*Asks:* 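Please see the structure below; I have some questions.
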Amino acid sequence: QVQLVESGGGLVQAGGSLRLSCAASGLSFSTYHMGWFRQAPGKEREFVAAISRSGGSTVYADSVKGRFTISRDNTKSTVHLQMNSLKPEDTAVYYCAAKKTYYTSSYSYTRDQDSDYWGQGTQVTVSS
């Protein structure tokens, strides 16, 4: 069966960095666009970043643009999210998602968060 397994979350001070990873299995990884979403306590899930099948195109939420970088390695069926200059408002559970549709705007991902597969999530906590 399809599995998306996130790792790399943890506790970090404001201004610090974390690198999240998502290992995929049971699917043809290179045929899926991949994304990261997050959900903070008491808030709705929100889009963070997405990357196209080939890795040649990326899109970011305005709140993380310039601080986060999404990348993928199709030879290892993994997708990463490098998070720098972390802020307390970045605290959330981060989810990896696989999707057949790719949007070029964060607005479209906000409107359509449906994905074919989701990971179980990894907690990121940023202390002030």
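Since we're looking at a predicted model, the values are computed, not measured. We use all heavy atoms of the structure for the numbers below, so side chains are in, but hydrogens, waters and symmetry mates are not.
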*Asks:* When rounded to the nearest 0.5 angstrom, what distance separates OG in Ser127 from CD in Gln13?
*Replies:*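 The distance works out to 5.0 Å.
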*Asks:* Taking only Lys NZ, Arg NE, NH1 and NH2, and the carboxylate oxygens of Asp or Glu, determine whether Asp62 and Lys65 approach each other closer than 4.0 Å.
*Replies:*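 Yes.
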*Asks:* Please tell me if the side chains of Gln120 and Glu6 come closer than 4.5 Å, counting only heavy atoms from C-beta onward.
*Replies:*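 Counting from C-beta outward, Gln120 and Glu6 do come under 4.5 Å.
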*Asks:* Honestly curious: do Tyr102 and Ile70 fall in one hydrophobic cluster under the side-chain, below-4.5 Å linking rule?
*Replies:*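 Unlinked, Tyr102 and Ile70 end up in two clusters.
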*Asks:* Just checking, Arg45 and Trp118: is the charged tip under 6.0 Å from the six-membered ring centre and within 45° of the axis?
*Replies:*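 Output yes; distance and angle both within limits.
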*Asks:* With sequence neighbours excluded, what pairs up with Tyr117 under the ring-ring contact (aromatic ring centres under 6.0 Å, His included) test?
*Replies:*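 Only Tyr32 meet the ring-ring contact (aromatic ring centres under 6.0 Å, His included) criterion with Tyr117.
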*Asks:* Ring of Tyr103, cation from Arg111 - is the NZ or CZ under 6.0 Å from the centre and inside 45° of the axis?
*Replies:*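 Verdict for Tyr103: no cation-pi partner in Arg111.
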*Asks:* Are Trp36 and Leu27 joined in one hydrophobic group, where the rule is that I, L, V, M, F, W and Y side chains link up if heavy atoms are under 4.5 Å apart?
*Replies:*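 Trp36 clusters together with Leu27.
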*Asks:* Rounded at 0.5 Å granularity, tell me how far OG in Ser85 sits from CZ in Arg67.
*Replies:*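 Nearest 0.5 Å value for the OG-CZ distance: 7.0 Å.
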*Asks:* Could you note down all residue pairs passing disulfide bond (SG atoms under 2.5 Å apart) where residues 45-94 supplies at least one of them, sequence neighbours left out?
*Replies:*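 Sorted pair list comes back empty.
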*Asks:* Check step by step if side chain to side chain contact (heavy atoms under 4.5 Å, CB included) holds for Gln123 and Thr91.
*Replies:* CA-CA 8 Å; Gln123 176 71 47; Thr91 295; 4.0 Å; yes
*Asks:* Atom CD of Gln113 and atom OG of Ser108: how far apart are they, to the nearest 0.5 Å?
*Replies:*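 One finds 12.0 Å between CD of Gln113 and OG of Ser108.
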*Asks:* Search all heavy atoms of Ala92 against all heavy atoms of Ala40 and return the closest pair with its distance.
*Replies:*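 That would be CB-N, 3.8 Å.
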*Asks:* So, do Leu86 and Leu18 sit near enough that their side-chain heavy atoms are less than 4.5 Å apart?
*Replies:*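 Touching, per the 4.5 Å side-chain cut-off.
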*Asks:* May I ask you to decide if Glu46's main-chain N or O and Gln39's side chain share a donor-acceptor pair within less than 3.5 Å?
*Replies:*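 Side chain of Gln39 to backbone of Glu46, a donor-acceptor pair under 3.5 Å: no, none is there.
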*Asks:* Could you tell me whether Lys99 and Asp114 make a salt bridge, using a distance below 4.0 angstrom between a side-chain N and a carboxylate O?
*Replies:*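 A salt bridge is absent here (no side-chain N lies under 4.0 Å from a carboxylate O).
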*Asks:* Do Ser21 and Thr78 touch side chain to side chain, with heavy atoms closer than 4.5 Å?
*Replies:*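 Side-chain contact under 4.5 Å: no.
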*Asks:* Got a donor-acceptor contact below 3.5 angstrom from the Ser106 side chain to the Ala61 backbone?
*Replies:*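 No, the answer is negative, given that no donor and acceptor are paired below the 3.5 Å cut-off.
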*Asks:* Could you give all pairs that pass the disulfide bond (SG atoms under 2.5 Å apart) test and reach residues 19-96, with sequence neighbours left out?
*Replies:*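 Sorted pair list: Cys22-Cys96.
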*Asks:* Donor-acceptor pair, Asn74 side chain versus Arg53 backbone, under 3.5 Å?
*Replies:*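 A pair under 3.5 Å: yes.
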*Asks:* Hydrophobic clusters here meaning ILVMFWY residues chained together by side-chain heavy-atom distances under 4.5 Å, can you tell me if Val59 and Met34 are in one?
*Replies:*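 Cluster IDs for Val59 and Met34 differ.
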*Asks:* Between the main-chain N or O of Phe29 and the side-chain N or O of Arg72, is there a donor-acceptor pair closer than 3.5 Å?
*Replies:*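 Flag set: sc Arg72 to bb Phe29 pair under 3.5 Å.
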*Asks:* Once you round to the nearest 0.5 Å, how far does CG of Leu4 lie from CG of Asp116?
*Replies:*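 It is 10.0 Å, given to the nearest 0.5 Å.
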*Asks:* Between the main-chain N or O of Leu11 and the side-chain N or O of Thr125, is there a donor-acceptor pair closer than 3.5 Å?
*Replies:*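 Absent.
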*Asks:* Got Val79 and Ile51 here, is their nearest side-chain heavy-atom distance under 4.5 Å?
*Replies:*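 Yes - at least one pair of side-chain heavy atoms lies under 4.5 Å apart.
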*Asks:* State the NE2-OG1 distance between His33 and Thr101, to the nearest 0.5 angstrom.
*Replies:*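 If we round to the nearest 0.5 Å, His33:NE2 and Thr101:OG1 are 7.0 Å apart.
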*Asks:* Scan side-chain atoms only and decide if Lys100 and Thr31 contain a donor-acceptor pair under the 3.5 Å cut-off.
*Replies:*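 A donor-acceptor contact under 3.5 Å links the two side chains.
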*Asks:* Just grab all the ring pair (Phe, Tyr, Trp, His ring centres under 6.0 Å) pairs involving residues 46-89, residues at least two apart or on different chains.
*Replies:*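 Every pair satisfying ring pair (Phe, Tyr, Trp, His ring centres under 6.0 Å) with a residue in residues 46-89: Phe37-Phe47, Phe47-Tyr109.
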*Asks:* Measuring from atom OG1 of Thr110 to atom CD of Glu44, what distance do you get when rounded to the nearest 0.5 angstrom?
*Replies:*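 The OG1 atom of Thr110 sits 10.5 Å away from the CD atom of Glu44.
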*Asks:* State yes or no: do Val64 and Val93 share one hydrophobic cluster built from I, L, V, M, F, W and Y residues joined by side-chain heavy-atom distances below 4.5 Å, directly or via other members?
*Replies:*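 Looking at the clustering, Val93 is in a separate group from Val64.
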*Asks:* State, to 0.1 Å, how close Ser17 and Asn84 come at their nearest heavy-atom pair, and which atoms those are.
*Replies:*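 Looks like OG-OD1, 2.9 Å.
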*Asks:* The criterion is side chain to side chain donor-acceptor pair (under 3.5 Å); which residues satisfy it with Lys43, sequence neighbours excluded?
*Replies:*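 None.
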*Asks:* Do Met83 and Leu20 come within less than 4.5 Å of each other through their side chains, counting heavy atoms only?
*Replies:*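 Yes, their side chains come closer than 4.5 Å.
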*Asks:* Looking at residues at least two apart in the chain, or sitting in another chain, which of them share a side chain to side chain donor-acceptor pair (under 3.5 Å) with Thr75?
*Replies:*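 Scan of Thr75 (side chain to side chain donor-acceptor pair (under 3.5 Å), adjacent residues dropped) gives Asp73.
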*Asks:* I need the minimum non-hydrogen distance between Ala14 and Pro88, along with the two atoms involved.
*Replies:*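 The pair with the smallest heavy-atom distance is CB-CD, 4.1 Å.
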